[in-house]
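Notes for the one structure printed next.
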Amino acid sequence: MRQPEGGNGGYLWDEEPPPPGPRPLLSRRKVVEAAIAKADAEGVDAVSMRRLATGLGVGTMTLYRYVPSKDDLLVLMNDAVLGEEELPESPSEDWRADLMRVMRLQRSVARRHPWWVETAVGRPPIGPNALRINEFALGALVRFDLDITVMQALVALLKSYVLGAVTARLAEEGVAADAGDALVPWARRLVAEGRHPLTVRYMAEAETWDDDRTFQFGADRVLDGISAMLPGA
């Protein structure tokens, strides 16, 4: 992976010192905030250096003084929204509660900023906020004296569950909004054909779970699986 550096040898998430002369109208923070607002309103595909520059009232090349590339901008956006959520300074004595807190933090960010899911897939925790969350999660597991590679794999498993659960929920919401009553005739056909009795039974008898209960059920099962391999948990 390319070294995440900004201008003048600084790291990408270090705020650039202001240049000499009159106070600049922009900063890296303002550029990132504008990009987040655009992604929230129109989706991450709407974020481009040209469109951002137009919205900020500057030339496109001006933005490159603050952010080296669009990919770097996505890195900054991804980490910035993680900073909206708080975590304790250190884990508690309850490892399950701590890991659940991490999953709920990530889910909260993803629900507030759906584009975060797309920018988070495959992205290692290298920004300051991502590192803070990752270190907290590792700290919840360190008492079990596991191999550090195993610990990091378990933390990655938490994130994978969150990304999958949120992606599925967003897709379901989109389908429900588009389908409307179109699925009703299809459901009646399934009943009439009698080839899928368990599916029909589910449609007839299943309790309706809200998104929070569905997420909690899956997260608990993930933690049950982790618990089964932890010595003395």
Side-chain angles (χ1 to χ4, degrees), residues 1-8 10-19 22-87 102-134 159-178 211-212 215:
M1 182 176 181
R2 185 180 62 80
Q3 180 73 10
E5 293 182 354
N8 302 320
Y11 286 103
L12 185 60
W13 30 81
D14 293 338
E15 184 60 52
E16 292 289 305
R23 184 175 181 179
L25 297 177
L26 285 183
S27 65
R28 181 174 293 162
R29 182 187 298 260
K30 288 182 180 179
V31 173
V32 172
E33 289 174 350
I36 290 171
K38 180 165 265 319
D40 287 345
E42 303 177 42
V44 73
D45 289 341
V47 177
S48 71
M49 302 299 270
R50 181 182 60 81
R51 296 181 69 179
L52 273 181
T54 300
L56 291 167
V58 299
T60 302
M61 296 308 297
T62 300
L63 292 191
Y64 289 103
R65 296 171 53 191
Y66 300 94
V67 181
S69 69
K70 179 179 175 180
D71 186 62
D72 291 318
L73 178 60
L74 295 177
V75 171
L76 290 165
M77 292 166 60
N78 179 281
D79 196 70
V81 294
L82 288 174
E84 296 172 355
E85 300 286 333
E86 294 184 357
L87 274 177
V102 169
M103 285 190 284
R104 286 198 163 274
L105 180 156
Q106 293 171 331
R107 175 180 178 242
S108 179
V109 169
R111 292 296 286 171
R112 192 161 55 250
H113 307 285
W115 54 265
W116 180 80
V117 174
E118 183 177 341
T119 64
V121 173
R123 193 176 300 284
I126 56 175
N129 293 311
L131 284 171
R132 171 178 59 94
I133 296 166
N134 192 74
K159 183 179 177 182
S160 295
Y161 169 70
V162 173
L163 295 177
V166 173
T167 299
R169 183 62 179 181
L170 291 173
E172 289 170 5
E173 291 173 352
V175 169
D178 293 338
D211 182 39
D212 194 63
F215 180 86

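What you are looking at is a predicted structure, and each value in this text was computed from that prediction instead of being measured.
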Working to the nearest 0.5 angstrom, can you tell me the gap between [X] [atom1] and [Y] [atom2]?
{"X": "L163", "Y": "Q106", "atom1": "CG", "atom2": "CD", "value": "7.0 Å"}
{"X": "D211", "Y": "L170", "atom1": "CG", "atom2": "CG", "value": "8.5 Å"}
{"X": "Y161", "Y": "R107", "atom1": "OH", "atom2": "CZ", "value": "8.0 Å"}
{"X": "L56", "Y": "T62", "atom1": "CG", "atom2": "OG1", "value": "10.0 Å"}
{"X": "S108", "Y": "H113", "atom1": "OG", "atom2": "NE2", "value": "8.5 Å"}
{"X": "R111", "Y": "R104", "atom1": "CZ", "atom2": "CZ", "value": "12.0 Å"}

(message) If you count every heavy atom of other residues, nucleotides or ligands that lies below 6.0 Å from R50 atom CZ, does the total exceed 12?
(response) no
(request) Using the side-chain contact (heavy atoms from CB on, under 4.5 Å) rule, pick out the option among V81, V121, V166, D40 that qualifies with W116. (result) V81
Less than 4.5 Å apart, side chain to side chain, heavy atoms only: is that true for [X] and [Y]?
{"X": "R51", "Y": "V47", "answer": "no"}
{"X": "L26", "Y": "L63", "answer": "yes"}
{"X": "L73", "Y": "M49", "answer": "yes"}
{"X": "M77", "Y": "T119", "answer": "no"}
{"X": "D45", "Y": "E118", "answer": "yes"}
{"X": "V58", "Y": "Y66", "answer": "no"}
{"X": "D72", "Y": "R28", "answer": "no"}

Can you give me the closest heavy-atom contact between [X] and [Y], atom names plus distance?
{"X": "E85", "Y": "L105", "value": "CB-CG, 3.4 Å"}
{"X": "S69", "Y": "Y64", "value": "CA-CE2, 4.2 Å"}
{"X": "P125", "Y": "A130", "value": "CA-CB, 3.8 Å"}
{"X": "V117", "Y": "A110", "value": "CG2-CB, 3.8 Å"}
{"X": "I126", "Y": "L131", "value": "O-CD1, 3.4 Å"}

(request) Applying salt bridge (Lys or Arg N to Asp or Glu O under 4.0 Å), name anything that partners K159, two or more places apart in sequence or on another chain. (result) none
(message) Taking the six-membered ring of F215 as reference, does the cationic atom of R169 (NZ for Lys, CZ for Arg) lie under 6.0 Å from its centre and within 45° of its axis?
(response) no
